[in-house]
Number of protein chains: 2
Amino acid sequence: MDAKAIKRSFDGSGFRCTPQRYAVMAFLMEHNSHPTAAEIFKAVNRVDPHSSRATTYNNLRDLVQAGLVREVAVEGRAARFDAKGMRHHHFICDRCGNVEDLEWYDVPRPATRSLGKRMLRECELIFRGLCTKCAPRRTSR
Amino acid sequence: MDAKAIKRSFDGSGFRCTPQRYAVMAFLMEHNSHPTAAEIFKAVNRVDPHSSRATTYNNLRDLVQAGLVREVAVEGRAARFDAKGMRHHHFICDRCGNVEDLEWYDVPRPATRSLGKRMLRECELIFRGLCTKCAPRRTSR
DNA sequence: TTAAAAATTTAGACTATGTCTAATGTTAGA
DNA sequence: TCTAACATTAGACATAGTCTAAATTTTTAA
């Protein structure tokens with residue numbers, strides 16, 4: 001993949017591009033499966049076992065803070081992560097909890113009145129239901 | 001509040017309206033602060049200490065399954081709950097993690113094409129930013 | 001080049017949140 | 001009133017994630 005681009009994305013983030021951080025970013029950019037921290041830790045260490053559990057968790061937090069990675073909380077399950085590439089919405093499966101990307105489209109903002117003194121940063125659309133794997137096959141049910 | 005209405009809401013849910021479950025429902029209907037399970041447990045037992053921790057957690061899960069309560073996952077924080085009264089959207093504070101209700105309005109559904117074989121159940125809009133308490137006071141910054 | 005400072009990694013202890021088990025209690029309905 | 005199904009409980013357990021303190025690596029500045 002584009003190693004240079006990954007390294008460049010760290011510029012101005014306040015974080016160094018260490019081998020451990022690079023591995024996390026590269027993995028997330030190559031896989032849009034929204035892995036959990038545990039899955040990322042395992043995957044990264046399968047290739048080159050030089051990132052500890054603590055480092056993986058710390059780095060994920062740093063990357064989220066730097067705005068390079070997004071964390072997705074799922075009810076009753078471990079958090080999932082994705083590289084903030086193209087804008088997209090999320091579909092979360094009621095049954096298996098998997099997170100999938102859905103084509104992005106503009107979302108109407110709430111009325112200024114109802115926001116009050118709150119400072120709005122982003123509007124996120126989350127779709128729920130059954131993913132392709134979990135949806136019943138035919139018209140049965 | 002409307003004790004009868006709370007009891008009636010259990011009809012057809014497959015769950016009995018026990019004192020412990022009633023207490024959870026009543027608390028959630030009187031407070032729209034989106035409390036965590038731990039907060040609900042404490043609050044309910046302050047009034048009448050007859051619900052154990054396990055029961056509170058079990059009942060919250062049951063009530064969510066019955067569709068009477070909604071669970072809101074927040075990144076890096078404990079899950080929060082609210083009674084599914086009027087439809088509304090959620091505002092989640094980046095800084096303190098508090099969840100607030102925002103007036104409901106219709107959300108455009110994604111294109112059928114991009115949904116594929118997925119079965120869509122609901123579209124949820126989540127706003128992020130700083131709540132009134134956490135937003136900077138004046139125009140400073 | 002090198003010494004000191006800053007940032008990063010690490011193992012493993014620790015914390016928070018939530019689930020499970022097995023025993024006990026309660027309720028609805030025959 | 002008896003019984004089967006349902007519900008509650010204490011406390012052990014599981015999972016996900018954080019923290020600490022020491023070691024390592026990188027950067028800065030002389």
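In what follows, chains carry the letters A, B, and so on, assigned in the order in which the sequence lines appear, proteins first and then strands, with residues in each chain numbered from 1.
Between N59(B) and dT8(D) there is a side-chain N or O to OP1 or OP2 distance below 4.0 Å. Dashed line: the shortest gap from a side-chain N or O of T55(A) to OP1 or OP2 of dT10(C) is under 4.0 Å.
Atom CG in D62(B) sits about 12 Å away from atom P in dC20(C), given to the nearest Å. Atom OH of Y22(B) is separated from atom C1' of dA7(D) by 19 Å (rounded to the nearest Å). The CZ-C1' distance, from R21(A) to dT8(C), rounds to 7 Å in whole Å. The CD-P distance, from Q20(A) to dT25(D), rounds to 10 Å in whole Å. In this structure, the CZ atom of F41(B) is 14 Å from the P atom of dT8(D), given to the nearest Å. Here the C1' atom of nucleotide dA6(C) and the CZ atom of F15(A) are 14 Å apart, to the nearest Å. For the pair D48(A) CG and dT9(C) P, the computed distance is 13 Å after rounding to whole Å. The distance between atom CG of L60(B) and atom P of dA7(D), rounded to the nearest whole Å, is 15 Å.
We find that E75(A) and R128(A) are joined by a salt bridge, their nearest charged nitrogen and carboxylate oxygen being less than 4.0 Å apart. The pair E71(A)-R80(A) fails the salt-bridge criterion, with no side-chain N (NZ, NE, NH1 or NH2) lying under 4.0 Å from an Asp/Glu carboxylate O.
As judged by a 4.0 angstrom heavy-atom cut-off over every strand, N58(B) is placed among the base-contacting residues. Counting any heavy atom pair closer than 4.0 Å across all strands shown, A38(A) reaches no nucleic acid atom.
Between L115(A) and P110(A) the shortest heavy-atom distance is CG-CG, 4.0 Å. Between V99(A) and H34(A) the shortest heavy-atom distance is O-ND1, 3.0 Å.
Mapping G14(B) and T36(A) onto DNA chain D via the closest heavy atom, the residue that lands nearer the 5' end is G14(B). Nucleotides of DNA chain C nearest to A78(B) and P19(B) differ in position, and the one nearer the 5' end is that of A78(B). Sequence order on DNA chain C of the closest nucleotides to T56(A) and F81(B) puts T56(A) first from the 5' end.
Side-chain atoms of R53(A) stay outside donor-acceptor range of the base of dG12(C), with no qualifying N/O pair under 3.5 Å. Judged by distance alone with a 3.5 Å cut-off, no donor-acceptor contact links the side chain of R61(A) to the base of dG17(D).
Closest approach to the A54(B) side chain among dT8(D), dT10(C), dC20(C) is made by dC20(C) (side chain taken as heavy atoms from C-beta onward). Picking from dA11(C), dA7(D), dT9(C) the nucleotide with the shortest atom distance to the side chain of T18(A) gives dT9(C). Of the candidate nucleotides dA5(D), dT19(C), dG17(D), dT19(C) has the atom nearest to the side chain of Y57(B). With distances taken from any side-chain atom of A79(B) to the nucleotides dA28(C), dT9(C), dG18(C), the minimum falls on dG18(C).
Classified by interplanar angle (parallel below 30°, tilted 30° to 60°, perpendicular above 60°), the ring pair H89(A)/Y105(A) is perpendicular.
A cation-pi geometry, defined here as NZ or CZ lying under 6.0 Å from the six-membered ring centre and within 45° of its normal, holds between R118(B) and F91(A).
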